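Reviewing the structure listed below.
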There are 2 protein chains.
Amino acid sequence: MNLKQLSQMLGLSQTTVSRALNGYPEVNRETRERVLKAVRETGYRPNKAAQRLATGKAGSIGLVMPTSPGNSSDVHFSEFLTGLGEEALRHDFHFVLTPADPNDEVGALKRLAASGNVDALFVNYMRGHDPRLEMLKTLSMPFLVHGRSIGSEPDYPFLDIDNEASFYDATKLLLQLGHRRFALLNGPIYLDFAIRRKNGVEAALAEWGLALNEACVSHTAMTDEQGLFEMERILQLEKRPTAVLCSSTVLALGAVRAINQAKLKLGEDISLIAHDDVLTLLKPESFTVPLTTTRSSLRAAGIRIAERLIGEIKHNETFPAQELWKTELIVRASTGVAPAD
Amino acid sequence: MNLKQLSQMLGLSQTTVSRALNGYPEVNRETRERVLKAVRETGYRPNKAAQRLATGKAGSIGLVMPTSPGNSSDVHFSEFLTGLGEEALRHDFHFVLTPADPNDEVGALKRLAASGNVDALFVNYMRGHDPRLEMLKTLSMPFLVHGRSIGSEPDYPFLDIDNEASFYDATKLLLQLGHRRFALLNGPIYLDFAIRRKNGVEAALAEWGLALNEACVSHTAMTDEQGLFEMERILQLEKRPTAVLCSSTVLALGAVRAINQAKLKLGEDISLIAHDDVLTLLKPESFTVPLTTTRSSLRAAGIRIAERLIGEIKHNETFPAQELWKTELIVRASTGVAPAD
DNA sequence: AGAAGTAGCCAAAGCGCTTTGAGGAATGGA
DNA sequence: TCCATTCCTCAAAGCGCTTTGGCTACTTCT
């Protein structure tokens, strides 16, 4: 079933049917409803290739599949992707992906752009001074960055959360509760968000004349095993910290296990704040001791990014190029006054 | 730059240029070279949408993104995808993906097929009696399954390795070396390959009048942490096993660590065979004690699958619908004669 | 020399959609 | 009553490619 057949069936011209379908104003209400009804009944679906040829819009967003081991699509990436997918589905968009050799992400991106299969690009897992940025800027194709790249001129469109402020605030809260010795379970240090979060912690500490003890800092993949492992290690240190910051609730899951195993009371002997990406399967409020968190939904970020990208493609809308989302500091039971020394 | 311009530039018709580019025989050698040269110089790339409209072939393979936590794209999936991608790149194909709600994989697949954006579908992480199979069969679109689905009629095209034979052989080798107590570190039990591997082990044991002790079997995600954890647990059992089978070298990595920590000698006190997917970053021969393995390259499987799918799309080639690859049993130092009791 | 291929090329007809430019019918105002 | 508007609809021209069917010129065979 194609447009021609459909329009013949309805006794209308292809033009009118097309307009009715695409929401143009100059179609009689009745006519439009008649068309929509017929579409429903026949199950007509416009041919994508033809639409694409006629409009020049591919209806798809390019994605380079992260295949490197460190950030190998984990639960955080899935959550984000779900958001992207949700929004994309609404607009009948889809994603085209190229799996990239970790050493040739730039090349993969370039090929994807040149393939003519996508009309926008998206990148994430930003690193400090990320080489992909330069390339993207030379392309004449809309793109959007999730995160930022510290060390690069911030003259590109991005959506990021304010990682620094987020961890600054969390640290400050703990300082006000009397904590003086801190640990930080962070993501891989080459990633932008990890750098900024560490900066946030250090900035807050500096205001109180304190500094992070590097032995109490870890940079690992964000899995619960790593959280367990690193927390165990840190708890065995001579003067163990009384406050812990985690870059993810997944890390916190392991950390809390280590804390329990050490027979320490969360929120009393030791306080913990985790960053909460609002993962579907790990809610900070359902920990035995509900976690204090800095919250920002990864899925919402996915939705917003799809929205911006699709808007740009469809209507040449220009969104505010740079968005920095504040996180929410939500105090629950895992934080308490520092124990007497 | 489009075909029209290019052909005018060359003083040829669009037909001839098109034929030259697509490898048709009725073009003079000289002419073809002239065309190819011009393409190189101008950087001409045929418009995908137009090609697609004209041929009805989209040049893309549909993929439903596994977002469920258990099989959340790990290092194995990456390796496989790299193979797929490699081959796809060669043919200028790409992948279209839909992230799926784990509870609605069937629906996601259906939508992808209906979207008109792909001309073949691919599925993996097969489970026992997988519900996706029924759906795929109703679609009039080529598809290919990586793995199989135990409990379903094997009347669908697949590429799989002979997991059962593989683990049967490995077990038999260990039996012949005198081992009588076995452990199995396996992948999630709902996955087809895990079921078959366990069956293989049990079949071999049964021939010797033995059975698997369920306490010595684990079904977990295939990470080294899980390997460590489970192996530690198993080593503490009363009559600990002298032989271990691992579903992945990643699991083996953890298991070996546990073995070392228990001060046991690999290949003497305890023997271990792992399945080797030929992962780029984890080679069984570079373990301190090189591992005996059953080998089958995941990347090669990816390449073959892309090859079959693309061949089917391009030329309506029909490949042997079902391929079952034998694995290679490679004996290294991690297996030895069973220790005296 | 004439018949019968064969090699190499071309014009034109789609593929299924969007969009431009135009026109008929109904409405309202003078 | 006539003209200007507004509303709705249409025919036809692309979008850039592939593919069919035909044409010319050159070989080859008898």
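Values reported hereafter were calculated over all heavy atoms of this structure, with side chains retained and with hydrogens, waters and symmetry mates removed. Since the model is a prediction, treat every value here as computed from it, not as a measurement. Note on naming: letters A, B, ... go to the chains in the order of the sequence lines (proteins, then strands), and numbering restarts at 1 for each one.
Atoms CD (E26(A)) and P (dA22(C)) sit 16 Å apart, rounded to a whole Å. Regarding N117(B), its CG atom lies at a distance of 16 Å from the P atom of dG16(C), rounded to whole Å. With rounding to whole Å, Q5(B) atom CD is found 14 Å from dC17(D) atom C1'. Regarding L6(A), its CG atom lies at a distance of 12 Å from the P atom of dT18(C), rounded to whole Å. Distance, K314(B) NZ to dT18(D) P: 12 Å, rounded to whole Å. Taking atom CG of residue N22(A) and atom P of nucleotide dT20(C), one finds them 13 Å apart after rounding to whole Å.
In this structure, the side chain of R308(A) does not engage the main chain of P157(A) through any donor-acceptor pair within 3.5 Å.
In this structure, N28(A) does not reach the dC7(D) phosphate: none of its side-chain N or O atoms is under 4.0 Å from OP1 or OP2. OP1 or OP2 of dT19(C) lies within a sub-4.0 Å distance of a side-chain N or O belonging to Y24(A).
Comparing dT9(D), dC17(C), dC17(D) against the side chain of T16(A) picks out dT9(D) as the nearest.
Counting non-hydrogen atoms of neighbouring residues, nucleotides and ligands closer than 6.0 angstrom, the CD atom of E26(A) exceeds 12 such neighbours. In K137(A), the NZ atom is crowded: over 12 heavy atoms of neighbouring residues, nucleotides or ligands sit closer than 6.0 Å.
There is a side-chain donor-acceptor pair under 3.5 Å between S13(B) and T16(B). Remark: the R45(B) side chain and the N2(B) side chain contain no N/O donor-acceptor pair separated by less than 3.5 Å. Judged purely by distance below 3.5 Å, without hydrogens or angles, the side chains of R52(A) and N47(B) never pair a donor atom with an acceptor atom.
A heavy-atom distance below 4.0 Å to DNA chain D is reached by none of the residues of residues 32-45 of chain A.
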Provide a list of protein-nucleic acid N or O atom pairs under 3.5 angstrom, restricted to nucleotides 11-15 of chain C.
from	atom 1	to	atom 2	distance (Å)
dA11(C)	N7	T15(B)	OG1	3.3
dA11(C)	N6	T15(B)	OG1	2.5
dA12(C)	N6	T15(B)	OG1	3.4

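Ionic pairing of K37(A) and E41(A) is present here: one or more N-O contacts between side-chain nitrogen and carboxylate oxygen are shorter than 4.0 angstrom.
The list of ring-ring contact (aromatic ring centres under 6.0 Å, His included) pairs with a residue in residues 98-122 of chain A, not counting sequence neighbours, reads F80(A)-F122(A).
Along DNA chain C, the nucleotide nearest to L3(A) and the one nearest to R29(B) differ in position, and the one closer to the 5' end is contacted by R29(B).
Rounded to the nearest 0.5 Å, atoms CG (D130(B)) and OH (Y156(B)) are 8.5 Å apart.
Contact annotation for G11(A): backbone-only contact, meaning every heavy-atom pair under 4.0 Å involves sugar-phosphate atoms and none involves a base.
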